[in-house]
Amino acid sequence: MRPLPAAGYIYALFDNLGCKGDRFYVIIPHCLLQLFKSALRTAMTEATSITTEYQITVSSPVWQRVEQIAGEFNLSVSELLEQIGEGQLKVVAVPTNSEKISDRDIANALIWLAAQTDVAINVYKLQKLVYYAQAWYLGVYGTPLFDADFQAWIHGPVIPDLLEKYQCQFSWEPITEKIEQPKLPQKIGQFIEEVAEAYFEYDDETLERMICSEMPWLEARGDLPRDESCHAIISQESMKKYYSGRVFSK
């Protein structure tokens with residue numbers, strides 16, 4: 001068996017490529033993804049002569065994503081690959097950001113912007129600003145800014161770890177931590193500036209009333225009384241659905 005390429009590649013599973021009983025696996029580097037179609041055609045042509053089995057382990061999330069893509073075209077995985085090989089579907093390489101953005105990156109960006117514009121932000125207002133950044137990004141772009149989940153607390157959405165980081169030091173007082181300007185992708189940096197422009201003028205209590213009247217927070221809490229503790233997750237899908245609707249209704 002030939003050695004497989006090193007890590008950092010896209011994993012793609014190919015099965016039953018025109019040769020009964022044959023199965024082989026390939027790994028395609030991002031930079032060569034545009035050659036996928038021609039490589040697949042060659043593979044299908046030569047499948048009958050392949051005697052060596054190439055195999056890697058494909059994680060469950062990767063396989064689920066392959067199945068999801070096939071399902072969007074109402075195809076099985078084998079049918080999807082066949083249509084790609086025949087040129088009926090085109091594979092396009094999409095560059096990804098290798099540096100993952102976290103909720104703290106977004107919080108730092110908002111704290112830095114607040115310092116530049118002389119806006120006071122306490123830990124609770126920060127939570128709501130970070131929430132709106134995530135919510136509107138989901139609504140506009142359909143994908144999250146970061147992975148952390150918000151819980152539907154009494155006074156609004158909270159990321160517990162982020163709350164704890166600043167609450168111990170500043171309590172209810174404005175956050176005065178000195179932060180250098182975060183290095184975010186230009187598109188995201190501009191987006192955070194738009195969020196700040198829209199919501200910096202509101203205090204924590206006003207933001208609470210706004211968010212707690214909106215469906216994602218309400219749905220997460222269900223039938224709980226307004227003043228009852230809750231740690232239910234506000235789903236990203238709920239946020240995306242609600243805020244995308246507001247984008248297109250404007």
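For the numbers below, each heavy atom of this structure counts, side chains included, while hydrogens, waters and symmetry mates do not.
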Quick one: does [X]'s side chain get under 4.5 Å of [Y]'s, heavy atoms only?
| X | Y | value |
| --- | --- | --- |
| Phe150 | Pro216 | no |
| Ile175 | Leu126 | yes |
| Pro160 | Glu164 | no |
| Thr117 | Phe200 | yes |
| Leu138 | Tyr243 | no |
| Arg104 | Leu162 | yes |

From [X] [atom1] over to [Y] [atom2], what is the distance, rounded to the nearest 0.5 angstrom?
| X | Y | atom1 | atom2 | value |
| --- | --- | --- | --- | --- |
| Leu224 | Leu218 | CG | CG | 11.5 Å |
| Leu163 | Cys168 | CG | SG | 8.5 Å |
| Arg246 | Lys241 | CZ | NZ | 15.5 Å |
| Asn122 | Thr176 | CG | OG1 | 12.0 Å |

Parallel, tilted or perpendicular: which one describes the rings of Tyr132 and Tyr199, with boundaries at 30° and 60°?
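If you compare the ring of Tyr132 with that of Tyr199, the planes turn out parallel.
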With sequence neighbours left out, write down each residue that passes side-chain contact (heavy atoms from CB on, under 4.5 Å) with [X], or none if nothing qualifies.
| X | answer |
| --- | --- |
| Ala133 | Ile106, Leu145, Ile192, Val195 |
| Ala152 | Trp217, Ala220, Arg221, Cys230, Ile234 |
| Thr143 | Tyr137, Tyr141 |

Side chains of Glu219 and Tyr242, donor plus acceptor under 3.5 Å:
no
Side-chain donor-acceptor contact under 3.5 Å, Tyr124 with Glu205
no
Applying salt bridge (charged side-chain N to carboxylate O under 4.0 Å, His left out), which residue pairs with at least one partner in [range] are found, sequence neighbours left out?
| range | answer |
| --- | --- |
| residues 105-125 | none |
| residues 133-147 | Lys100-Asp147 |
| residues 189-203 | none |
| residues 223-232 | Glu208-Arg226 |

Listed partners of [X] passing ring-ring contact (aromatic ring centres under 6.0 Å, His included), at least two apart:
| X | value |
| --- | --- |
| Tyr166 | none |
| Trp153 | His231 |
| Tyr202 | none |

Could you check whether any side-chain N or O of Ser171 sits under 3.5 Å from a backbone N or O of Gln167, counting only pairs where one atom can act as donor and the other as acceptor?
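Not a single qualifying donor-acceptor pair exists.
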Looking only at atom types and distance, does a side-chain atom of Gln236 sit under 3.5 Å from a main-chain N or O of Pro144, one as donor and one as acceptor?
no
Testing the basics here: between [X] and [Y], what is the closest heavy-atom pair and its distance to 0.1 Å?
| X | Y | value |
| --- | --- | --- |
| Ile159 | Gln127 | N-OE1, 2.7 Å |
| Ile121 | Leu110 | CD1-O, 3.9 Å |
| Pro157 | Ile211 | CD-CG2, 3.5 Å |
| Glu214 | Met210 | CG-O, 3.2 Å |
| Leu113 | Ala196 | CD1-CB, 4.1 Å |

Evaluate the side chain to side chain contact (heavy atoms under 4.5 Å, CB included) criterion for residues Lys165 and Asp161: first the C-alpha distance (whole Å), next the side-chain angles of each, then the deciding distance (0.1 Å), finally the verdict.
CA-CA 6 Å; Lys165 171 177 170 58; Asp161 289 346; over 6 Å; no
Would you say Leu207 and Met215 are hydrophobically clustered, going by side-chain heavy atoms of ILVMFWY under 4.5 Å?
yes
Dump the intermediate steps for side chain to side chain contact (heavy atoms under 4.5 Å, CB included) on Tyr131 and Val158, then the final yes or no.
CA-CA 8 Å; Tyr131 171 82; Val158 167; over 6 Å; no
For residues 184-191, which side-chain N or O atoms pair as donor and acceptor with protein atoms under 3.5 Å away, sequence neighbours left out?
none

Asp103: partners by salt bridge (Lys or Arg N to Asp or Glu O under 4.0 Å), with sequence neighbours left out:
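Expected list: none.
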